Amino acid sequence: MINPFTNESGRFPILALDEDQHSRRPSEFGIPAGWDAICGPGAQAVCRDTWSTSGPARGRPA
């Protein structure tokens, strides 16, 4: 069985909460209540690239 979180042919939206929290989630699981899609769903590689530039608040002041 293929793990949907590592499936290279899967589709992944990038999700965000108001609290500046981000998540990548396989599209077959849907978008949980309270989350908004800010990108995608797209291919795993595209979402990884987008995630690295607009994902979690790395390097931002606390």
Side-chain angles (χ1 to χ4, degrees):
M1 177 177 203
I2 295 175
N3 179 338
F5 289 90
T6 59
N7 181 1
E8 288 297 322
S9 63
R11 309 280 298 163
F12 294 81
I14 295 176
L15 308 175
L17 280 174
D18 289 338
E19 296 85 20
D20 202 26
Q21 294 177 323
H22 293 78
S23 179
R24 242 178 359 113
R25 182 179 173 97
S27 60
E28 63 257 32
F29 291 114
I31 299 174
W35 290 83
D36 293 308
I38 60 169
C39 178
Q44 174 82 296
V46 171
C47 283
R48 269 196 307 260
D49 291 344
T50 303
W51 179 265
S52 67
T53 59
S54 68
R58 285 182 234 158
R60 292 188 196 163

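As the structure is a computational prediction, the values presented were derived from the model and not from experiment.
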Does the side chain of Pro13 come within less than 4.5 Å of Arg24's, by heavy atoms?
no
At what distance, to the nearest 0.5 angstrom, does CG of Asp36 lie from CG of Leu17?
8.0 Å
Residues Ser27, Phe12; criterion side chain to side chain contact (heavy atoms under 4.5 Å, CB included); working and verdict
CA-CA 5 Å; Ser27 60; Phe12 294 81; over 6 Å; no
Is the shortest heavy-atom distance from the side chain of Leu15 to the side chain of Pro32 under 4.5 Å?
yes
Under the 3.5 angstrom rule, does the side chain of Arg25 hit a backbone N or O of Gly30 as a donor-acceptor pair?
yes
Beyond-backbone contact of Ile38 with His22, side-chain heavy atoms, under 4.5 angstrom
yes
Would you please indicate if the ring centroids of Phe29 and Phe5 are separated by under 6.0 Å?
yes
Would you say that Glu28 contacts Pro4 through its side chain, given a criterion of any heavy-atom pair below 4.5 Å between the two side chains?
yes
